[in-house]
*Asks:* 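Got a structure for you, written out below as structure tokens; questions coming shortly.
Every chain is numbered from 1, with letters handed out A, B, ... down the list of sequences.
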Amino acid sequence: MITLSAYVVVAMVLFGIGVIGVLVSRNVIILFMSVELMLNAANLTLIAFSRALNVLDGHVFVFLVLTIAAAEAAVGLAMVITLFRNRETVNIDRYNILKW
Amino acid sequence: MSDYLFLVPIFPLIGFLTNGLLLGRLPRPVVSFVGCSTVFLSFALSVMLFFELKAMPAGLRVIEQVLFTWVPSGDFHVNVALLLDPLSAVMILVVTGVGFLIHVYSVGYMHHDPCPGRYFTYLNLFTFAMLTLVLADNFMLMFVGWEGVGLCSYLLIGFWFEKKSASDAGKKAFIVNRIGDFGFLLGMFIIFWSVGSLDFLVVAEKAPLVFAAGGALITTTCLLLFVGAIGKSAQIPLYVWLPDAMEGPTPVSALIHAATMVTAGVYMIARTNALFIMAPDALLVVAVIGVVTALYAATIGLAQNDIKRVLAYSTVSQLGYMFLACGVAAFTAGIFHLMTHAFFKALLFLGAGSVIHAMSDEQDMRHMGGLKKYLPVTFITMLIATLAIAGIPGLSGFFSKDEILWKAFSSQFGHPLFWVLGFITAGLTAFYMFRLVFMTFYGKERMDSETRAHIHESPKSMTVPLVILAVFSVIGGLVGMPHIFGVTNYFEHWLEPVMAQGQQAPASHALAAGGGDTGAEWGLMLASVALVLVSIYFAYVVYNKRTELATSLRERFSALHKVLLNKYYIDEFYGAVVVRPVVYFSLFMWKVFDVVVIDGFLNGLASRYEEVSDFVRTGQTGRVRTYATVFVFGVVVIVAYLALD
Amino acid sequence: MNLDTIIFLVSAVVAVFGGTMMIAQRNPVLSVLYLILSLVAQAVLYVQLGALFLGAVLIIVYSGAILVLFLFVIMLLNLRGSEDFGHGSKPISGVTKFVLALLFVFELIAIVRTSLLQADSPIGMMTAVPVDFGSVKAVATLLFTKYLYPFELAGVLLLAAIVGAVVMTKGPEDEGAGATDELYGIADKEAEGEK
């Protein structure tokens, strides 16, 4: 029997990889995928706790998180397309017109 | 029918909205049609309501229509409600009737103006506000109308706002009126504070219970209300705006500054007669200010050369008569004169407008003369109006003015001195009005040849209203013939239910009924008629037969003439005493307080912020990843704090 | 070391490996493929935790739809990892960021290990669950009864996202629908075809 903490640790590691991805990646699409990875790490903890406590509500939350991830991906990618159309680049550092 | 009372003010409102919202999108004929027809509908409805009211028993002639509750605030409860009683019935007939004629006249007069839409929009809004004023059943709603007509007056005086004098005159009218409005407001506060209601009927009913007759509180209240009336009706010392208001289009002067708005003060005092009758001291003030204004304005009228200004001072003078009537508790006589004055003064203004129109916008009578043969209709109608205002027996002005003079003499609040001053004013009125007629229509033609070539009688849309008003100027007085002619005074009967509200002793009745005074009334009447005829003859001699006399008279009394010509230097006096200190104080506040203190403080604050922001913004790189890093750093710190807890 | 543990270890390692490779790639197409790998491994963990329905959803919706959308956009933008991001001035160096993120993860793990999952904690161990735990029927029952309104709201959210995405990618007004065609590179071909 694998303990709950093992699953949670895996989720933490995945989350950390996502954070590193967001901080380090210059490609806006990879940055986006890092965010998706973090969302999934959170999902994993939800499912693990759900199983540990024998409460099914966590599954519903995961379901809703998936919905939000889908919506976010749609809008986010639309933004990427618009940005790319204007700037001809996916380098996140070049999207800096909001400064000052 | 009485259910449709609210439509009387609503029709002009519809016209206002139609013309106002579609400003500049409607063709000229449509604009004119909308402007006139809405007022005509109001007039037709007013006539029907009048007859309905007439069919009711005399004591019960009150139609009240509550439209909705406006202010439901605890004890302070104000309805938007309309009140039709004999007094307001007379007023709506005058406002819509004369108003309709002036609307029609305007179609011709404003034919060449580039923005008729704006003009009719304002005019309809004015009619709406004026009807609200006279139909209101409480002080609050009346005040709404009161301010509404003030606003429209401002807008219409400054209608040709590209002219500096016109926009200045508009501002002057607005500001001077504001002083009066302040008094009205304070009076309203006292009434609510002591009576607990603002409904006219409730106030009239409760006033004798709440106020001590002749007490300080009621006197103060009435004087404050009278301050409002002074401002709106151009009495001393707040009359200065009315002569300047002549900068507006002439039909506007006829409607607002002769027939309707300026009489609002008289109407208001008649409406609150139940209060005024309890304050003899206030009545005395009203009478004194009225009669002094009448005489004072008449003397100024003697020396003015601008045709509209003569009429403006004449209006101030006639309003003084009305206040004299109110001041001697002869409210009926005041309203009667208000009505007849609306006819003949509107006619005079419209006639003057016709003259000005024909003279290519020349207003100086010294450049007129001999217009009789060019403008026959205008001449005849203006002559009728002049005879009416002068008080020639049989015409409307005679009956109303004579009643005022008689009441000034005989009423329990009257005094022979009032009669003497009013009597002199009547003579002066006849003189300056005939001076106007002779200078304009008789004698040598003093205009230049180019202007002469353009002289033409006005179009039908302008002359027909003139004729109709002339008819009313003749017969309008017949409804109020005095008792001594052996007929019933219908007008007095009609208004009796309203005016008897708070009247302990209808003094005029008691005296008029006494047979002994009939002789005195005849005597005074004949005296004033004689004076009027002498004045007319004098004017004829000086300004028509021997015009060199006018010059020599002017030279002999040059100092007096100069004073009169300059209107007693009142404008200069106000300028020095009121306007200049205010201007200098404002300049000080602007240059020193505003620029140095306030701006200095705020700008200093702003530049400090700017310096700080300059420093802080270097952290704003616009790089999302840097922000994310800082964010994560914050999370790490917070989690560490929680973990150590 | 039973089968369960082996499956867990393999899946966990593959998930972490996929994630790591994802962020290490220069070519976004490869990144997407590694993320799919990671997600499949996570789906295995889901199933191991009894979440059969969500495991299937993760593969079908996430790998099958969302990540395909990513691939589609990459194709649309014609990105092959060829863009040179250069080495512009960096306010904060990559190493600092890396350390910061590791610190974050260690903190989280430390908290999990110290407070939440001590040996004597009642939730440290898995409890027994019914046979149909995580089945489609069980999740659906909950979703359509207790969480009906959040479920419906999620639908509205998706609609809003669709509208938002369409509006944002529509392009300038005057170009209208042509903007999209231009992006696809088919407008010119069409014009040629008409000739």
*Asks:* Quick one: pull up CG in C:L142 and CZ in A:F61 and give me the separation to the nearest 0.5 Å.
*Replies:*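 That separation rounds to 9.0 Å.
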*Asks:* With side chain to side chain contact (heavy atoms under 4.5 Å, CB included) as the criterion, how do C:I23 and A:V24 come out once you've worked through the C-alpha distance, each side chain's angles and the decisive distance to 0.1 Å?
*Replies:* CA-CA 8 Å; C:I23 63 170; A:V24 178; over 6 Å; no
*Asks:* Which region of A:A11, side chain (C-beta onward) or backbone (N, CA, C, O), has a non-hydrogen atom less than 4.5 Å from a non-hydrogen atom of chain C, or is it both or neither?
*Replies:* neither
*Asks:* With a 4.5 angstrom heavy-atom cut-off, could you sort out which part of C:L69 is near chain A: side chain, backbone, both or neither?
*Replies:* both
*Asks:* Report the distance from atom OH of C:Y46 to atom CG of A:L44, rounding to the nearest 0.5 Å.
*Replies:*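 Between C:Y46 OH and A:L44 CG, I get 6.0 Å after rounding to 0.5 Å.
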*Asks:* Give, as side chain, backbone, both or neither, the part of C:V32 having an atom under 4.5 angstrom from any heavy atom of chain A.
*Replies:* both
*Asks:* Taking all non-hydrogen atoms of both residues into account, name the closest pair between A:G16 and C:A101 and its distance.
*Replies:*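 Closest heavy-atom pair between A:G16 and C:A101: O-CB, 4.4 Å.
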*Asks:* Counting only non-hydrogen atoms closer than 4.5 Å, does C:V139 touch chain A with its backbone (N, CA, C, O), its side chain (CB onward), both, or neither?
*Replies:*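 Its backbone and side chain both get close to chain A.
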*Asks:* Report the option among C:L108, C:L153, C:I162 that has the most heavy-atom pairs separated by less than 4.5 Å from atoms of chain A.
*Replies:*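 If we count pairs closer than 4.5 Å to chain A, C:L108 comes out on top.
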*Asks:* Considering all heavy atoms of both residues, which atom of A:A74 and which atom of C:A165 are nearest to each other, and what is their separation?
*Replies:* O-CB, 3.9 Å
*Asks:* Using heavy-atom distances under 4.5 Å, tell me whether A:E72 contacts chain C through its side chain, its backbone, both, or neither.
*Replies:*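 For A:E72, neither part sits under 4.5 Å from chain C.
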*Asks:* Between C:F133 and A:H59, does the ring centroid distance fall short of 6.0 Å?
*Replies:*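 When the ring centroids of C:F133 and A:H59 are compared, they turn out to be within the sub-6.0 Å range.
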*Asks:* Looking only at heavy atoms, which two atoms of C:P28 and A:N27 are closest? And how far apart?
*Replies:*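 Shortest heavy-atom contact: CG-ND2, 3.9 Å.
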*Asks:* So, A:R51 side chain and C:Q48 main chain: donor-acceptor pair closer than 3.5 Å or not?
*Replies:* no
*Asks:* Taking side chain as everything from C-beta outward and backbone as N, CA, C, O, which of these in C:F70 sits under 4.5 Å from a heavy atom of chain A? Side chain, backbone, both or neither.
*Replies:*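 C:F70 touches chain A through backbone and side-chain heavy atoms alike.
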*Asks:* Between C:V105 and A:F15, is the side chain to side chain contact (heavy atoms under 4.5 Å, CB included) condition met? List the steps.
*Replies:* CA-CA 8 Å; C:V105 173; A:F15 193 87; over 6 Å; no
*Asks:* Determine whether C:K146 and A:V60 make a side-chain contact, defined as any pair of heavy atoms from C-beta on separated by less than 4.5 Å.
*Replies:* no
*Asks:* When heavy-atom pairs shorter than 4.5 Å are enumerated against chain C, which of A:V75, A:L31, A:N86, A:V80 gives the highest number?
*Replies:*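 When all of A:V75, A:L31, A:N86, A:V80 are compared, A:V75 has the most.
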*Asks:* Could you measure the distance from the CD1 atom of A:I29 to the CG atom of C:L77? Nearest 0.5 Å is fine.
*Replies:*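 So the gap between those two atoms works out to 5.5 Å.
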*Asks:* Using a cut-off of under 4.5 Å on heavy-atom pairs, state which of C:A51, C:A24, C:A15, C:G50 scores highest against chain A.
*Replies:* C:A51
*Asks:* Applying a criterion of heavy atom separation less than 4.5 Å, what residues of residues 36-43 of chain C form contacts with chain A?
*Replies:* C:S38, C:L39, C:Q42
*Asks:* Atom OG1 in A:T67, atom CG in C:L158: separation rounded to 0.5 Å?
*Replies:*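 Reported to 0.5 Å precision, the distance equals 6.0 Å.
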*Asks:* Count the heavy-atom pairs under 4.5 Å between each of A:I17, A:V10, A:V9 and chain C, then report the option with the highest count.
*Replies:*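 Most heavy-atom pairs under 4.5 Å with chain C: A:I17.
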*Asks:* Do C:Y62 and A:N40 come within less than 4.5 Å of each other through their side chains, counting heavy atoms only?
*Replies:*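 Sidechains of A:N40 and C:Y62: in contact.
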*Asks:* Find the distance between CG (A:N43) and CG (C:L58) and round it off to the nearest 0.5 Å.
*Replies:*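 Those atoms lie 7.5 Å apart.
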*Asks:* If every non-hydrogen atom of A:L37 is compared with every non-hydrogen atom of C:G19, which pair is closest and at what distance?
*Replies:* CD2-CA, 4.0 Å
*Asks:* At a 4.5 Å cut-off on heavy atoms, which part of A:V55 comes close to chain C: side chain, backbone, both, or neither?
*Replies:*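 Only the backbone of A:V55 comes within 4.5 Å of chain C.
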*Asks:* Counting only heavy atoms closer than 4.5 Å, note whether C:F53 contacts chain A via side chain, backbone, both or neither.
*Replies:* side chain
*Asks:* What is the distance from atom CE of A:M33 to atom CD1 of C:I66, rounded to the nearest 0.5 Å?
*Replies:*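 Reported value, rounded in 0.5 Å steps: 13.0 Å.
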*Asks:* If you count the non-hydrogen atoms of other residues, nucleotides and ligands that lie under 6.0 Å from CE in A:M79, is the total more than 12?
*Replies:* no
*Asks:* Quick check: closest heavy atoms across A:I30 and C:S31, and the distance to 0.1 Å?
*Replies:* CD1-OG, 3.3 Å
